[in-house]
Amino acid sequence: MKLGLIVNPIAGMGGRVGLKGTDGPEMLKKAIELGAKPWAEDRAVDALKALLPIRDSLTIYTYPHKMGENAAKRAGFNPEVLGSVGEETTAEDTVRAAEDMRRVGVDILLFVGGDGTARDVCRAIGTSLVTLGIPAGVKVYSSVFSASPKAGGELALKFLRGEVSEVIEAEVLDIDEDSFREGRLSVKLYGYLKIPYDSNYIPGGKVPSSHSESYDREAIAAELLEVMERDVIYLIGPGSTTKEVMKALNLDFSPLGVDAILNGELIGKDLNERQIIELISGRKAKVVVTPIGGQGYVFGRGNQQISPEVLRRVGKGNIIIVATRGKLESLRGRPLLVDTGDEALDVELSGYYKVITGYREYTVYKVVPASTLES
C-alpha cells in the first residue's frame with residue numbers, strides 16, 4: 001500500500017496571532033514577528049499514528065524535512081523521500097509534491113494544511129487521486145477535510161484496508177484573505193478533490209448564515225445583554241450571531257475577529273492570543289462563541305486566538321455558546337465540536353451546554369472533541 005503525505009509547514013500559524021491566515025510571504029513574516037509557532041507537523045504526526053497498525057505493509061511517500069519527512073519519522077515510519085525544497089516552502093512546492101505523488105501512484109494522498117493547501121493540491125492533480133485533508137489551517141471551509149487529524153488518520157486506515165470504499169468529489173473552497181482581514185467573508189469554489197467518505201469522519205463544508213435569521217440573531221443578542229454581568233470581560237468571538245450584541249450596544253467591532261467588552265464598553269478590538277491573555281490577566285472573563293454552520297466547530301476553526309491557554313484561564317463554566325435554530329438544524333443532529341490542538345483540553349471542554357437560541361430560549365446541546373466524532 002502506498003500513502004502520500006504533504007505537510008504545509010506554515011499552515012495555521014496566523015490563527016493565534018489574529019492574522020486570519022498566512023497566505024503569502026509578507027503575512028508569514030508578520031506572523032513570525034508576532035510570535036506565531038508552527039503546528040502543522042504535530043497535526044500530521046497525530047494523523048499518521050493512526051496508521052501504525054499497517055506500518056509493515058505501508059510505504060509513505062513524502063517531501064523532505066518539514067514538508068512531511070520529519071512528521072513521518074516522528075510518527076514511527078521510514079518514508080520514501082521525493083523531490084527537494086528550499087529553506088522556505090511555497091505553494092509551488094505543494095503543487096510539485098502533489099504531481100510527484102500522482103506519478104508514484106499513491107493509493108491515497110494526505111495533505112496537512114487549510115483551504116489554501118487544498119487549492120494547491122486541486123490545481124496540481126484535480127480528481128486524479130484519492131486525497132484527504134488533515135485540518136491545520138486558519139481557514140478550513142472546504143469539504144475535503146477530516147473532522148480532526150486523528151479522524152483523518154483513522155479514515156485513511158479504513159480506506160486502505162478496504163473497510164471504507166465510497167469515494168466522492170468534495171468541494172474545495174477558499175476565501176480572499178485581504179477581504180477577510182477587513183471583515184468581509186467572500187467564499188469561492190475553486191474545484192473538487194476525490195476523498196474517501198464516511199460521515200462519521202467528515203464534517204463537511206461551512207454553511208453560510210441565512211439573512212432570514214436576522215431576527216433570531218437580534219433575539220439572541222437581547223438575551224445576552226440581559227444575562228451579562230458587571231465587571232466581567234466578555235470576549236466576543238467571530239461570526240454574525242455573536243457580533244449582533246456589539247451592534248445592539250452600538251459598538252465598533254471586527255466581524256471576523258475577537259473583540260472584548262466590559263460594562264457595555266469596547267476595551268479591545270480584533271485581539272490576538274497574547275493581547276487576550278494580557279487583557280484578562282487577574283480578571284474574570286467569559287467567552288461568547290457561535291459554531292460554524294454545517295460543521296459545528298465551537299473552537300479550533302477561525303477563532304484560534306481563543307487558544308488553549310485562554311480557555312484554561314477563562315474556564316469551562318464561563319463559555320457561552322450562541323446559535324440560531326437554523327444553524328443547529330444544519331448539523332442534522334451531529335454534536336458541536338472542539339479541536340483546539342490540545343487533546344486533554346478538548347476532553348475537558350466536552351459535555352452538555354445550554355446554547356442560547358433566542359430571547360429567553362435555550363437548547364441543551366452536546367459538545368465533543370472532534371477526534372472522537374466517529375464514536
Side-chain angles (χ1 to χ4, degrees), residues 1-13 22-23 25 28 38-137 142 144-146 149 152-153 155-157 159-161 167 170 172 190-196:
M1 293 179 285
K2 299 179 181 179
L3 179 140
L5 172 68
I6 301 172
V7 177
N8 177 356
I10 67 172
M13 286 181 61
T22 45
D23 290 356
L28 174 60
W39 78 323
E41 184 176 303
D42 291 339
R43 306 283 276 181
V45 172
D46 289 343
L48 292 175
K49 284 181 178 178
L51 293 155
L52 287 173
I54 58 170
R55 175 171 52 185
D56 294 339
S57 57
L58 179 67
T59 300
I60 293 180
Y61 292 88
T62 189
Y63 252 44
H65 314 307
K66 56 189 177 182
M67 280 196 71
E69 179 186 4
N70 296 348
K73 288 180 176 178
R74 283 179 54 195
F77 293 91
N78 185 25
E80 294 286 335
V81 181
L82 309 173
S84 61
V85 294
E87 182 65 27
E88 300 297 333
T89 60
T90 67
E92 293 308 316
D93 290 320
T94 298
V95 169
R96 190 171 66 256
E99 291 171 343
D100 285 347
M101 301 301 170
R102 178 171 56 188
R103 280 191 284 270
V104 168
V106 297
D107 299 299
I108 185 170
L109 168 60
L110 299 185
F111 61 91
V112 185
D115 291 325
T117 311
R119 279 179 59 183
D120 296 335
V121 172
C122 182
R123 175 159 61 100
I125 62 172
T127 56
S128 62
L129 284 179
V130 176
T131 66
L132 183 61
I134 304 300
S142 302
V144 299
F145 289 94
S146 60
L155 179 55
L157 175 65
F159 175 75
L160 290 168
R161 282 176 164 173
V167 174
V172 175
Y190 283 89
Y192 296 86
L193 288 172
K194 288 202 304 189
I195 65 168

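Quick caveat: nothing in here was measured; it's all calculated off a predicted structure.
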Student: For residues Ala71 and Val45, report the shortest heavy-atom separation together with the two atoms involved.
Tutor: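 Reported closest heavy-atom pair: O-CG2, 3.7 Å.
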
Student: Taking all heavy atoms of Met67 and all of Ala97, pick out the closest pair and write down the distance.
Tutor: CE-CB, 4.4 Å

Student: Could I get the full list of side chain to side chain donor-acceptor pair (under 3.5 Å) partners for Lys73, not counting sequence neighbours?
Tutor: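 Only Glu69 meet the side chain to side chain donor-acceptor pair (under 3.5 Å) criterion with Lys73.
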
Student: Kindly state each residue pair satisfying ring pair (Phe, Tyr, Trp, His ring centres under 6.0 Å) with at least one member in residues 73-125, sequence neighbours excluded.
Tutor: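 As it turns out, the ring pair (Phe, Tyr, Trp, His ring centres under 6.0 Å) pairs with a partner in residues 73-125, which skip direct neighbours, are Phe111-Phe145.
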
Student: Within the 3.5 Å criterion, strictly below it, is a donor on Thr94 or Asp120 matched to an acceptor on the partner's side chain?
Tutor: no

Student: Please lay out, stage by stage, how Tyr63 and Asp100 fare under the test side-chain hydrogen bond (donor to acceptor under 3.5 Å, both in side chains).
Tutor: CA-CA 9 Å; Tyr63 252 44; Asp100 285 347; 2.5 Å; yes

Student: For Lys2, is there any backbone N or O sitting under 3.5 Å from a side-chain donor or acceptor partner on Asp107?
Tutor: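 Yes; at least one donor-acceptor contact below 3.5 Å.
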
Student: Let me see the working for Met1 and Ile108 under side-chain contact (heavy atoms from CB on, under 4.5 Å), right down to the final yes or no.
Tutor: CA-CA 9 Å; Met1 293 179 285; Ile108 185 170; over 6 Å; no

Student: Quick check against the 3.5 Å criterion: does Arg96 have a side-chain atom that pairs as donor or acceptor with the backbone of Ser84?
Tutor: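 Pair found, side chain donor or acceptor close to backbone of Ser84.
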
Student: Minimum heavy-atom separation for Pro196 to Leu132, with atom names?
Tutor: CD-CB, 4.5 Å

Student: Distance only, no hydrogens: is a donor on one side chain within 3.5 Å (strictly under) of an acceptor on the other, for Tyr190 and Asp115?
Tutor: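 Asp115 and Tyr190 do not have a side-chain donor-acceptor pair below 3.5 Å.
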
Student: What residues, two or more places apart in sequence or in another chain, satisfy side chain to side chain donor-acceptor pair (under 3.5 Å) together with Thr62?
Tutor: none

Student: Could you tell me which non-hydrogen atom of Arg102 sits nearest to which non-hydrogen atom of Ile125, and how far apart they are?
Tutor: NH1-CA, 3.6 Å

Student: Looking at Leu82 and Pro64, what are the two nearest heavy atoms and their distance?
Tutor: O-CD, 3.2 Å

